[in-house]
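Protein chains get the first letters and strands the later ones, always in sequence-line order, with residue 1 at the start of each.
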Amino acid sequence: MLDARDIRPHLEGLIEGAVRSAIQAGELPDVAVPSVPIERPKDPSHGDFATTLPLRMARSAMKKPLEIAEAVAKHLPADEAIEAPEVAPPGFINMRLSDVFLQQQIVRVIEHGPAFADMPLGTGKKAQVEFVSANPTGPLHVGNGRGAAIGDALAAVLEAAGYETEREYYVNDAGTQTDTFSETLYARYQQLFGRDVDIPKDGYPGDYMIELAQTLKKDHGDGLLRPEGERPPENLNQIGMDAMVGHIRESLRKLGVEYNVWFSERSLYAGEKVFDTAMAILKENGQLTEREGALWFTSSDLGESKDNVVVRSNGKPTYYASDIAYHYDKFVRRGFDLVIDVWGADHHGHVSRLKTATQALGANPEALHILLYQLVTLKRGGETVRLSKRGGDLITLDELVDEVGPDATRFFFLMRSPGAQMDFDIDLAVKQSNENPVYYVQYAHARLSQILARAAEQGIDASGGDVSLLTQPHELGLVREMLRLVDVIEQSATELEVHQLPHYAMALATAFHAFNDAFRQQSDSSLKVITDDEDLTRARLRLVQAAQIALARVLGLMGVSAPERM
RNA sequence: GCGCCCGUAGCUCAGUGGAUAGAGCGCUACCCUGCGGAGGUAGAGGCCAGUGGUUCGAAUCCACUCGGGCGUACCA
C-alpha cells in the first residue's frame with residue numbers, strides 16, 4: 001500500500017497518464033501536458049485532493065475545461081488509494097482517498113512512529129539556522145523570543161525534511177558596543193566601591209548592569225579595580241561578556257532552546273584569521289578600495305545602491321565586515337548547503353548587501369535565506385510599549401516566560417507569520433492562559449494518552465486491531481487530519497514558514513476532540529473507544545495511538561511539550 | 001525623498017491565482033457530567049483599506065492612492 005507522503009506524486013502520475021491516454025484515444029488534442037497541480041480543496045465535500053489541470057489546459061487544447069475534465073476522469077485507472085474521481089464545474093477533478101487507504105495509514109503511522117511524515121527533501125545536505133544572536137550587552141527582550149521560537153522550529157522542520165541541521169548563535173563580542181558595555185560595567189563596578197563615576201553617555205542604563213557589577217564584586221572582590229582614572233583591566237570585558245552570554249543562554253534554555261554552536265565574532269580575528277581570508281578574496285577581485293582613510297567594499301559595482309565601509313578610518317572593522325567573514329565561514333569553511341539567518345525586521349537594510357557580499361565571496365546567494373520577522377509590540381494595561389534595548393521600560397524574555405510559560409510563549413509567537421507585526425498583550429496572555437490555544441492542543445494529547453493508559457491498565461493489546469472496522473466519518477476524519485502533517489512539513493520546509501505548525505496542531509486537536517466527543521454525545525456507551533466489543537476497541541486504540549504520534553510530533557516540532565496528563 | 005514589511009470578523013490573526021473567504025478569543029443558543037469540561041454542535045458578525053489593470057478566474061499578481069511599522073551610519 002502506498003505511503004501517505006507519496007500520495008501527491010502518485011496522483012500527479014495518474015492524472016498525467018490519464019491525459020496521455022485521452023490524447024491517444026483522440027479525445028483530447030495532442031498538446032503539451034503541463035505539470036499537474038494538486039490542490040487541497042477547502043470544502044471537504046470536494047474530496048481530499050483536486051486538480052485544476054483542465055482549467056489550465058483549456059486554452060492550448062481549445063476545449064472547454066469541463067470537457068477536458070471529463071475526458072481525463074474517464075481515463076483515470078482504478079486505484080486502491082482513491083475513489084472514482086468526480087468532475088465539477090468549471091473544470092475541477094476531485095479525488096477522495098479511499099477508506100482502505102486511510103485505514104492502512106493508521107498502521108503505517110504506528111510503524112514509522114514520529115518520523116511518519118518526514119520528507120527526504122534535504123537528505124545529504126547540511127543546513128544551518130542562525131537565530132536570536134542578540135548582542136550580549138543586555139538581557140533578551142520579548143522580540144528576541146519571537147526569533148527564538150521561529151528559528152528553533154524552523155531547524156526542527158528542516159531536520160524533519162532530512163537536512164543535517166545545526167542551530168547557531170552568533171555572539172557579537174567584538175564591536176563598538178562591546179567597548180561601551182565594558183565601560184558601563186566598569187563604571188557600575190567602581191560605584192560599588194564608592195567612586196563617583198558616571199556611566200558613559202551612550203552606555204547601558206539598565207539595572208541589570210548594576211546586578212552584573214555586584215556579581216563581579218562577589219566573585220572577584222576589588223580584584224578588578226584599578227587606580228582612579230585608569231582604564232579597566234584587560235580581562236574585564238571578557239568576564240562581563242561571558243556572564244552576559246551565560247545569562248542569555250539560560251533565558252533560552254528556559255524557553256527550551258538549545259544550540260549546537262555558539263559562534264564568537266572575535267574568533268574571526270583569531271587563529272586562522274578568517275576575516276583576513278575573506279577580505280583577501282574581495283581584494284583579489286578588485287572589490288576593495290581605500291577612500292577617506294577607510295576601506296570600502298565597492299558594492300555599488302555589484303548592484304548595491306552604495307559602497308559600504310568594511311574597515312573604519314580608525315582601523316576597526318565594521319559589523320558588516322565581520323558578517324561578511326562570518327558568512328564566508330558558513331559557506332566556504334563549513335560548507336553548509338542551506339544557510340538561514342533569522343533577523344528582526346530592524347536589520348532589513350542589511351539583507352541586500354550581505355547577499356551581495358556572499359556572492360562576491362563565491363558562494364551561492366540562493367543558498368542564503370534571510371528570514372525577517374517584524375517587531376513585536378508589547379501591550380500592558382492597554383498601553384503600547386515600544387521595545388528598545390536602551391530604553392528604560394524594557395520587558396525581558398525572562399519576565400514573559402515566567403508569566404506566560406514557555407509552551408504558550410512559543411505557540412503564540414509561532415502562530416503569526418513572521419512578516420506580520422504582532423501585538424503581544426501580556427495582560428491578556430496571563431489572564432486567559434487557561435484559554436490559550438496551546439492548552440487546547442495539549443489537552444487533546446493528554447486525553448489521547450489517558451485513553452491509552454486506561455487500555456494498558458485493562459491489559460488490552462491493540463497490536464492486532466483490525467483497522468478496517470474504522471469506517472465512521474469522525475474516525476476517518478481524524479486519519480485525514482493526521483496525514484496532512486506530510487503537507488505541513490513539506491511546505492514549512494520549502495517555504496521556510498513555520499507558522500503553519502500551530503494552525504495545523506489546532507486542526508488536528510479539533511479532529512480528535514470531534515472524534516472523541518462523537519461517542520460521548522450518544523447515550524450508548526458502547527460507542528466509546530474502550531467498549532465491550534473487543535475487536536472494535538482494539539481497532540480504535542490503534543487510531544488513538546496513531547493520533548497521539550502525530551500530535552506529539554507537531555508539538556515536538558514547535559518545541560512545545562506534549563503532556564500525558566494536565 | 002528612496003527602499004522593505006503590513007492593512008482580512010468587535011479583538012488577535014490564518015488564507016500554494018481557483019469552488020460559498022477561515023480559526024482562536026469574545027458574544028448567543030443548545031449538547032454532554034466524560035476513557036479527564038482546558039470538550040462538542042449551531043448561530044450572529046466581512047465593501048478582504050481604496051481605485052484601476054492582468055486573467056477563464058484576484059484577498060492573492062501589477063500600478064497608483066491612503067493608513068501603520070521599519071530601514072536608509074566609518075551603530076549593531
Can you tell me, in whole Å, how much space there is between the C1' of B:C6 and that of B:C13? 13 Å
Quick check: on RNA chain B, is the nucleotide nearest A:Glu39 upstream (toward 5') of the one nearest A:His46, or the reverse? Name the residue that is more 5'. A:Glu39
Base, sugar-phosphate alone, or nothing: which one does A:Glu292 contact when heavy atoms must sit under 4.0 Å apart? base
So which nucleotide from B:G40, B:C74, B:A38 ends up closest to the side chain of A:His513? B:G40
Is A:Phe92 stacked against the base of B:A19, taking the criterion as centroid distance under 5.5 angstrom and interplanar angle under 30°? yes
Measure from CE on A:Met566 to C1' on B:G39 and round the result to the nearest Å. 13 Å
State whether the side chain of A:Asp307 and the backbone N or O of A:Trp296 hold a donor-acceptor pair below 3.5 Å, judged by distance alone. no
The nucleotide from B:C13, B:U41, B:C74 with an atom nearest the side chain of A:Ala514 is B:U41
At under 4.0 Å between heavy atoms, what does A:Ala58 touch on the DNA or RNA strands: base, sugar-phosphate, or nothing? nothing
Taking the inter-plane angle between the rings of A:Tyr326 and A:Tyr170 on a 0 to 90° scale, is it parallel (under 30°), tilted (30 to 60°) or perpendicular (over 60°)? parallel
Could you tell me whether A:Glu534 atom CD has more than 12 heavy atoms of other residues or ligands within 6.0 Å of it? no
Measure CD/A:Gln177 against P/B:A73 and give the value in whole Å, please. 16 Å
A:Tyr319 OH - B:G71 C1' separation (whole Å): 14 Å
Rounded to the nearest 0.5 Å, the OG1 atom of A:Thr137 sits from the CG atom of A:Asp173 at a distance of 11.5 Å
To the nearest Å, give me how far apart CD (A:Glu86) and C1' (B:A19) are. 14 Å
For atom C1', what is the distance between B:U8 and B:C47, given to the nearest Å? 12 Å
From B:G36, B:G24, B:G18, pick the nucleotide closest to the side chain of A:Arg565? B:G36
Taking a pair as Watson-Crick or G-U wobble with both distances under 3.5 Å, which nucleotide is matched to B:A49? B:U65
Please confirm whether any donor atom in the side chain of A:Asp346 sits under 3.5 Å from an acceptor in the base of B:G71, or the reverse. no
Would you indicate which nucleotide in B:A38, B:G36, B:A19 comes nearest to any side-chain atom of A:Pro41? B:A19
Taking the minimum atom-to-atom distance to the side chain of A:Asp423, which one of B:G24, B:G36, B:C13 wins? B:C13
Applying a 3.5 Å limit to both distances, which nucleotide forms a Watson-Crick or G-U wobble pair with B:A29? B:U41
Presence of A:Lys42 side-chain N/O under 4.0 Å of B:A19 phosphate oxygens OP1/OP2: yes
Distance from A:Ile324 atom CD1 to A:Leu282 atom CG, nearest 0.5 Å? 6.0 Å
Going by purine N1 to pyrimidine N3 plus the second Watson-Crick contact, or the G-U wobble pair, all under 3.5 Å, which nucleotide sits opposite B:U54? none
Supply the atom-to-atom distance A:Glu183 CD to A:Lys201 NZ, rounded to the nearest 0.5 angstrom. 12.5 Å
Nearest-0.5 Å distance, CZ of residue A:Phe49 to NE2 of residue A:His10: 10.5 Å
Same-atom distance (P) from B:C5 to B:U16, integer angstrom: 16 Å
Indicate the ring-plane relationship of A:His499 and A:His503, choosing parallel, tilted or perpendicular according to the 30° and 60° boundaries. perpendicular
Using atom NZ of A:Lys306 as one end and atom P of B:U72 as the other, report the distance to the nearest whole Å. 9 Å
Distances for protein N or O near nucleotides 2-6 of chain B N or O, under 3.5 Å:
unit_1: B:G3; atom_1: N2; unit_2: A:His348; atom_2: NE2; d: 2.5
unit_1: B:C5; atom_1: O2'; unit_2: A:Gln374; atom_2: NE2; d: 3.1
unit_1: B:C5; atom_1: O2'; unit_2: A:Gly419; atom_2: O; d: 2.7

Separation of B:G18 P from A:Phe49 CZ (nearest whole Å): 16 Å
Please figure out whether A:Ala444 or A:Glu265 has its closest RNA chain B nucleotide nearer the 5' end. A:Ala444
Could one point to a donor on the side chain of A:Asp43 or the base of B:A21 with an acceptor on the other under 3.5 Å away? no
Of the listed nucleotides (B:G36, B:G17, B:A76), which one gets closest to any side-chain atom of A:Arg56? B:G17
Heavy atoms under 4.0 Å, any strand shown: does A:Asn94 hit a base, just sugar-phosphate, or nothing? base
With rounding to the closest Å, how many angstrom separate the P atoms on B:A49 and B:U60? 8 Å
Between B:A42 and B:G22, how far apart are the P atoms? Round to whole Å, please. 13 Å
Write down the distance separating the P atoms in B:U20 and B:C27, rounded off to the nearest Å. 33 Å
Between the side-chain atoms of A:Asn516 and the base atoms of B:C35, is any donor-acceptor pair under 3.5 Å? yes
From the list B:G24, B:G39, B:A76, which nucleotide is the closest neighbour of the side chain of A:Arg353? B:A76
Determine the Euclidean distance between corresponding C1' atoms of B:G40 and B:G46; express it in Å to zero decimal places. 26 Å
Think A:His499 has a side-chain N or O under 4.0 angstrom from the OP1 or OP2 of B:G15? yes
In this structure, how many angstroms lie between the P atom of B:C25 and the CZ atom of A:Phe412, rounded? 13 Å
Under-4.0 Å side-chain N/O to phosphate OP1/OP2 contact, A:Ser417 with B:A14: yes
With rounding to the nearest 0.5 Å, note down the distance linking CG in A:Asn172 to OH in A:Tyr319. 5.5 Å
Watson-Crick/G-U partner (both atom distances under 3.5 Å) of B:G22: B:C13
Mind checking if A:Thr176 touches a base, just sugar-phosphate, or nothing, with heavy atoms under 4.0 Å? sugar-phosphate
To the nearest 0.5 Å, what is the distance between CG (A:Asn144) and CG (A:Leu400)? 11.5 Å
Describe the nucleic acid contact of A:Ala50 in one word from base, sugar-phosphate, nothing, applying a heavy-atom distance below 4.0 Å. base
Looking at B:C35, which nucleotide sits across from it as a Watson-Crick or G-U wobble partner, both distances under 3.5 angstrom, or is there none? none
Can a donor-acceptor pair under 3.5 Å be found between the side-chain atoms of A:Thr318 and the base atoms of B:C74? no
Check this one for me: any side-chain N or O of A:Tyr440 less than 4.0 Å away from OP1 or OP2 of B:G40? yes
Residue matched to B:C70 through Watson-Crick or wobble contacts both under 3.5 angstrom: B:G3
Less than 4.0 Å between a side-chain N and a carboxylate O, is that true for A:Glu130 and A:Lys330? yes
Please give the distance between the C1' atoms of B:U54 and B:C11 as a whole number of Å. 36 Å
Can you tell me how the ring of A:Phe424 sits relative to the ring of A:Phe413, calling it parallel under 30°, perpendicular over 60° and tilted otherwise? tilted
Between atom CD in A:Glu481 and atom P in B:A23, what is the gap in whole Å? 13 Å
